[in-house]
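Here the structure is laid out as C-alpha cells; the discussion comes afterwards.
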Amino acid sequence: MKKTALIFGVTGQDGAYLSKFLLKKRYKVYGVKRRSSIINTQRIDDIYKDINYKSNFKIFYGDLTDASSILNLIKNVKPNEIYNLAAQSHVKVSFEVPEYSAEVNGLGTLRILEAIRSLNLEKKIKFYQAGTSEMFGRTKGKFQNEKTPFHPVSPYGVSKCFAHWITKNYREAYGIFACNGILFNHESPIRGETFVTKKIIQALVKIKKGNQKKLFLGNLYSKRDWGHAKDYVEAMWKMLQQNKPNDYVIGTGKTFTIKDFVNRAAKKIGFKLEWIGKGINEKGVNTENKKVIVECRKRYFRPLEVDYLKGNASKAKKLLNWYPKMTIDDLIEEMVVYEEENNNDKY
Ligand code: NAP
Ligand code: G4F
C-alpha cells in the first residue's frame, strides 16, 4: 500500500521540494495551502493537476490559524506522515507581525498535534516539525548541536521554540511519533525573494543585464550556515523512517558572512567587487566601471540579530546517514543559472 503524506506549507520552498521527493518515493501527497488573492502554486504547478484528475498529488485549502480546517483534513486524509512546514517564516517580518507569527508558528503547531490526539491517531501518524537554527539565537561556541541551549532573539525564533517544546511534549505525554528538525538556512532557486541569498543573486543578475542599478542590503557581517533545500527535505523524511522519534540538527558545518556570499555570487556572475567605506556607509564597487552596485540601508537591519550560525549535524550523520551533498558554490551556481535563464524583469 502506498504511504500518504499530508504537507502543511506545500506552496513554500520546502513544501515543493518535499512533495517532489515523496512522489518519487511513490507516496500519495496531499498538500495544504491557504487562500490567497492570487494564485500562489507556482512552485508546484509542474506536479499539480486538476483535483478531479487521478493523481498522487492533491491540494486542499486549510490554514494553521483555523483549527477546524486542520482537524477535518487530518480526519479525512488519515495520513501516515504529517510534515508541518507552514509558517510565517521571515525573521525580520516577525518583528512587524509578532502576534501573527506566534499564532501561526506556535499555536498552529499545537493545533495539528491536538487534532492528531483528539482523533485518537497518536499511534497511526508520524509528525515532523520544521524547527530552525533561529531558536539558538544568541549562542556561544563554535558549533550548535542538539545540546546547545536556545536563546531566541526574534518573535519568529521564540514562536519556533514553543513549537519545538510542544512537539516534544506531545511525544512524551501521548507517545506520538513526533520529530523536531532543527534546520539551518537552506536555499534554492525557488527561495522566497526577500531572503538574502535570493535577493542578492536576483539583484546582481539584473544589474549584469542592465535591468537594475543597485542592491540594497542590511547587516553584511552576520554569519550563516547555508545548505541546499533539496538535501534538507531528504533529512525530514529520514527522521520519520526511524524506529524512534528524535530531534536532529541539520546543517553543513560551514559558515559564511553575507559579504562572503555577495562576493562569491558576484564572481560567479562576472563582477569583480571592491569594498569601500565602513558600517552603514560600506559599499561594493564594480571595479570594471567604478560604479557602486551594493549599498547598505538601515531598514534591512533587525532590532536584534543572530550573529553566528554553524551547525554540527553529527547526530544526523550517525543515526540517519544524512550528509549534505551540495556546497555553497554548487548552490550559488544553480541559483545564478536559474536567475539568468528566468529573470528578464526590468527594475
Ligand atoms: P516558505 O517558503 O516561507 O514557506 C512557508 C509555507 O507556509 C508557505 O507554503 C506558506 O503559504 C505557508 N503558510 C504561511 N502561513 C500559513 C498559514 N497561516 N496557514 C497555512 N500555511 C501557511 O518557507 P520554507 O523556506 O519553505 O520553510 C519551510 C519551513 O521550515 C518553515 O516552517 C520555516 O519556518 C522552516 N525553516 C526554514 C528554513 C530555511 O532556511 N528555509 C530553515 C529552518 C526552518 P504561502 O505560499 O501562501 O505564503
Ligand atoms: O535570508 P535571511 O532573511 O534568513 P534568516 O533570517 O537567517 O532566516 C532564515 O533562516 C532561518 C534558519 O536559520 C529560518 F528559520 C528562517 O525561516 C529563514 O528561512 O537573513 C540572513 C541574514 C540575516 O543575518 C540578515 O540580517 O542576512 C542578513 N541580511 C542582510 N541584508 C539580510 C539583508 N536579510 C534579508 N532578508 N534581507 C536583506 O536585505
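Every number for a ligand or one of its atoms is a count from 1 in the order of the listing. For clarity, every value in this text was computed on a predicted model and none was experimentally measured.
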Proximity to ligand 2 by part of [X], non-hydrogen separation under 4.0 Å:
X	result
Thr194	backbone
Lys92	neither
Ser89	both
Arg191	side chain
Lys160	neither
Val196	both
Ile258	side chain

Next on the checklist: Show me, by chain and number, every protein residue that has a heavy-atom distance under 4.0 Å to ligand 1.
Outcome noted: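 Correct list: Gly9, Thr11, Gly12, Gln13, Asp14, Arg34, Asn40, Asp63, Leu64, Leu85, Ala86, Ala87, Ser89, Tyr100, Val104, Ala130, Gly131, Thr132, Tyr156, Lys160, Leu183, Phe184, Asn185, His186, Arg191.
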N/O to N/O below 3.5 Å, does that happen between [X] and ligand 2?
X	result
Ser133	yes
Tyr300	no
Gly218	yes

Checklist entry - Phe150 vs Phe136 aromatic rings, parallel, tilted or perpendicular, using cut-offs 30° and 60°? => result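 Judged by the thresholds at 30° and 60°, the geometry between Phe150 and Phe136 is tilted.
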Checklist entry - In this structure, which one of Arg224, Gln144, Lys310 forms a side-chain contact (heavy atoms from CB on, under 4.5 Å) with Phe184? => result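 Output: one option passes, namely Gln144.
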Checklist entry - What protein heavy atom is closest to atom 9 (C) of ligand 2, reported as residue, atom name and distance in Å? => result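 In this structure, atom 9 (C) of ligand 2 has Asn185 ND2, 3.6 Å as its nearest protein heavy atom.
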Checklist entry - Who are the side-chain hydrogen bond (donor to acceptor under 3.5 Å, both in side chains) partners of Lys208, not counting sequence neighbours? => result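 By the side-chain hydrogen bond (donor to acceptor under 3.5 Å, both in side chains) rule, Lys208 matches no residue at all.
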